[in-house]
Q: 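Let me begin by handing over the structure; questions about it come next.
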Amino acid sequence: MMMRLFLPVFLLLFFTISAASQESIATQPKASNTPYYIQGEYDNPLFTNINLSGNAPAPQNEPSVRISRVNPNIIVAAWRDFRLGYSGTIIRRIGYTYSTNAGLTWAASQLLPDPSPTYVSQSDPVLTSDAQGNFYLSSTSRKQNNFPENRDQIVYKSTNGGQTFVFYSVGIASAGGGGEDKEWMFCDPVATNATYNNLFMTSTNTNGGAIRFAKSTNGGLNWSAPVSFTTGGTGSNICSGTGGQIYVVWDAGGTRFDRSTDGGLTFGTDFQLNSVASTNGFPFICCDYSNRPSRGNVYVVWDDARGGNSDVYFQRSTNGGLNWLSTPVQVNDVTTLNQYWPAIQCDTNGNLFVVYFDTRLGASQVNSWIAYSTNQGTTWVNNRLSDVSFPAIQPNGDVRYGDYIGIDAFNGKVFPVWTDDRAGTPNQEIYTANLNGLIGIQPV
């Protein structure tokens, strides 16, 4: 995980970002003696929570989720998993689970195959899927003989709906120094694009901080030589446009945007969407692939503390990233304490969904929340997701609490994933809730 220095998210302070390596730096929220649940305005959440990882007492964090674009009943979730060692000897692996019945039930969680002998760790999982129904999972992994330096971004592949994965390829190899960190991966779903069904990957090279891009045109078997298109920053996120574009956002003293119009061979001039440094998480980007008038819109979310507290902000472009809203829209509906770690997805009907963490009930009363918009992000409806508050305490400086949570939406199905320690430290678990039919529900 891209290592970053930040102050506790529950204090009413501005936060700062450091490009320093994140695996060895820990300043997560401290334990609190206050109760984890406060009765009141936001009682009775609308959604039933499901524990996906189910591996007490070991911690799991940094989840990713993907709905199959071939069979939407198949869903895969993955996360960073410390069940083999979270104190003393730290063993970073990736756990995962899958559902074949649209999230009604989930398989018992398991670990990806051991990355040995070439690699000694897995971390920072990101899931995507292709037009044939295959699933891909990327991982930041350290080479066996170069610990703790020289990380590669490796790729696992599943051809059976996420039931099993095999090590498949190296997406972006280390280029010296501390290697690569915090990758993201995406498969182009737009049939009219020249890059249709290509896999995209971005990563931060810690030797100079360049954001690099690579792609695979043959299902992840081989990858192009990485293209560096900016220096400085961290936490890149990527998607395709509907007119052959490739869009990337990342955090660099604020949310920065760039695009390629030639399949990733070259990128344009960086555009600063905002100049307020992220408080904690990374920016997320998505595109509207619906057949509605909003098709092709580009959407970005991030968190920053321009108002004194951390809030979630949204930006929109209706012309392929050339122009953006003059003022970003605040997604969360309160200004109490902090809202952070947003992730966004656009469904095939053009509706938008943002999952984020929220402390409106109290500094140590963390909850996951969902916001949705049916008007291209102009206005948002917010609902509490988690049915129990949790303290969000890091077990130690190596495990931490991660840097992001996730969401996917497709064909009317919506699944968020978040890290949740309602069972107490160090028992972080990965939770989800089935949001099918969310649109139309009134705010709590």
Side-chain angles (χ1 to χ4, degrees), residues 4 6-7 9-17 184 233-239 247-259 270-288 294 297-318 321-346 351-360 366-385 403-407 409 416 418 443:
R4 308 163 56 183
F6 51 88
L7 299 176
V9 296
F10 308 130
L11 299 179
L12 304 184
L13 299 173
F14 285 97
F15 302 85
T16 57
I17 299 298
W184 208 267
T234 182
S236 57
N237 201 262
I238 189 168
C239 73
Y247 302 126
V248 185
V249 290
W250 66 99
D251 186 64
T255 301
R256 194 171 292 181
F257 168 86
D258 205 346
R259 70 175 196 162
D270 297 353
F271 180 78
Q272 199 80 17
L273 288 178
N274 79 94
S275 297
V276 183
S278 170
T279 57
N280 203 341
F282 301 137
F284 274 70
I285 191 170
C286 70
C287 184
D288 189 328
S294 57
N297 283 1
V298 189
Y299 305 117
V300 180
V301 290
W302 69 88
D303 59 69
D304 70 51
R306 67 186 64 194
N309 300 330
S310 176
D311 293 299
V312 175
Y313 291 95
F314 165 88
Q315 260 288 12
R316 177 180 67 232
S317 173
T318 60
L322 295 177
N323 303 102
W324 299 83
L325 294 173
S326 58
T327 303
V329 175
Q330 182 176 310
V331 173
N332 50 284
D333 56 346
V334 297
T335 57
T336 305
L337 295 180
N338 297 296
Q339 290 73 42
Y340 59 100
W341 285 10
I344 189 170
Q345 188 56 271
C346 185
N351 294 325
L352 290 169
F353 301 88
V354 173
V355 63
Y356 61 92
F357 276 157
D358 191 298
T359 64
R360 70 182 68 189
V366 185
N367 282 275
S368 59
W369 277 67
I370 187 72
Y372 69 84
S373 175
T374 59
N375 56 13
Q376 303 173 50
T378 301
T379 58
W380 296 85
V381 175
N382 287 256
N383 285 285
R384 181 180 164 197
L385 266 179
D403 289 282
Y404 56 89
I405 53 180
I407 192 168
W418 70 90

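In this text the structure is predicted, and so the values were computed from the model without any measurement.
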Q: Give the minimum heavy-atom separation between S317 and L322, together with the two atoms involved.
A: OG-N, 3.9 Å

Q: Starting from the C-alpha separation in whole Å, work towards a yes-or-no answer on side chain to side chain donor-acceptor pair (under 3.5 Å) for D311 and N332.
A: CA-CA 7 Å; D311 293 299; N332 50 284; 2.8 Å; yes

Q: Closer than 3.5 angstrom, by distance alone: can the side chain of N338 be matched with the main-chain N or O of T359 as a donor-acceptor pair?
A: no

Q: For Q339, does its backbone N or O pair with a side-chain atom of S310 as donor and acceptor, under 3.5 Å?
A: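 Judged by distance alone, yes, a pair lies under 3.5 Å.
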
Q: Angle between ring planes, F353 versus Y372, binned at 30° and 60°: parallel, tilted or perpendicular?
A: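 Taking Y372 first and then F353, their aromatic rings sit tilted (interplane angle of 30° to 60°).
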
Q: Applying side-chain hydrogen bond (donor to acceptor under 3.5 Å, both in side chains), can you list everything that pairs with N297, at least two apart in sequence or on another chain?
A: Y299, Q376

Q: Would you give the length of the straight line joining atom CG of L273 to atom CG of L325, rounded to the nearest 0.5 angstrom?
A: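 Between L273 CG and L325 CG, I get 10.0 Å after rounding to 0.5 Å.
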
Q: Checking the side chain of T374 only, and the main-chain atoms of N351 only, is there a donor and an acceptor separated by less than 3.5 Å?
A: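 No, because the side chain of T374 does not come within donor-acceptor range (under 3.5 Å) of the backbone of N351.
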
Q: Looking at OG of S368 and CG of N383, how far apart are the two atoms once the value is rounded to the nearest 0.5 Å?
A: 11.0 Å

Q: Report yes if some heavy atom in the side chain of D358 is under 4.5 Å from a heavy atom in the side chain of N382; otherwise report no.
A: no

Q: Does any N or O in the side chain of N309 come within less than 3.5 Å of the main-chain N or O of T335, such that one atom is a donor and the other an acceptor?
A: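 It does hold such a pair.
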
Q: Is any side-chain heavy atom of W184 closer than 4.5 Å to a side-chain heavy atom of V248?
A: no

Q: Side chain to side chain donor-acceptor pair (under 3.5 Å) between D304 and W302: does it pass, once the steps are laid out?
A: CA-CA 7 Å; D304 70 51; W302 69 88; 2.7 Å; yes

Q: Do the ring centers of Y340 and F357 come within less than 6.0 Å of each other?
A: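 Centroid distance Y340-F357: below 6.0 Å, so yes.
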
Q: Does any non-hydrogen side-chain atom of V276 lie less than 4.5 Å from one of Y313?
A: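 The answer is no; the side chains never approach within 4.5 Å.
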
Q: Compare every heavy atom of Y356 with every heavy atom of A371, then report the nearest pair and how far apart it is.
A: CB-CE2, 4.2 Å

Q: Is there a donor-acceptor pair under 3.5 Å between the side chain of N237 and the backbone N or O of I285?
A: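 Yes, because the side chain of N237 sits within donor-acceptor range (under 3.5 Å) of the backbone of I285.
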
Q: Could you check if a side-chain atom of V300 sits within less than 4.5 angstrom of a side-chain atom of Y247, using non-hydrogen atoms only?
A: no

Q: Could you check D333 against R360 for salt bridge (charged side-chain N to carboxylate O under 4.0 Å, His left out), going step by step and ending with a plain yes or no?
A: CA-CA 10 Å; D333 56 346; R360 70 182 68 189; 2.8 Å; yes

Q: Specify the closest pair of heavy atoms between A252 and G233, including all atoms of both residues, with the distance to one decimal.
A: CB-CA, 3.8 Å

Q: Between Q345 and P416, is there a donor-acceptor pair closer than 3.5 Å when you use the side chain of the first and the backbone of the second?
A: no

Q: Treating D251 as the side-chain partner and F282 as the backbone partner, does any N or O pair qualify as donor plus acceptor under 3.5 Å?
A: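 No; judged by distance alone, with no hydrogens or angles, the pair does not exist.
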
Q: Can R316 and V329 be said to form a side-chain contact (heavy atoms from CB on, under 4.5 Å), step by step?
A: CA-CA 9 Å; R316 177 180 67 232; V329 175; 6.0 Å; no

Q: Looking at OG of S294 and CG of L352, how far apart are the two atoms once the value is rounded to the nearest 0.5 Å?
A: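 That separation rounds to 8.0 Å.
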
Q: Of the non-hydrogen atoms in V249 and F284, which two are nearest, and what is the gap between them?
A: CG2-C, 4.2 Å

Q: List the atom of P328, the atom of R306, and the distance in Å for their closest heavy-atom pair.
A: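 Scanning both residues, the minimum pair turns out to be CG-NH1, 3.6 Å.
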
Q: Nearest heavy-atom pair of A343 and I405: which atoms, and what distance?
A: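 In this case the closest contact between A343 and I405 is CB-O, 3.7 Å.
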
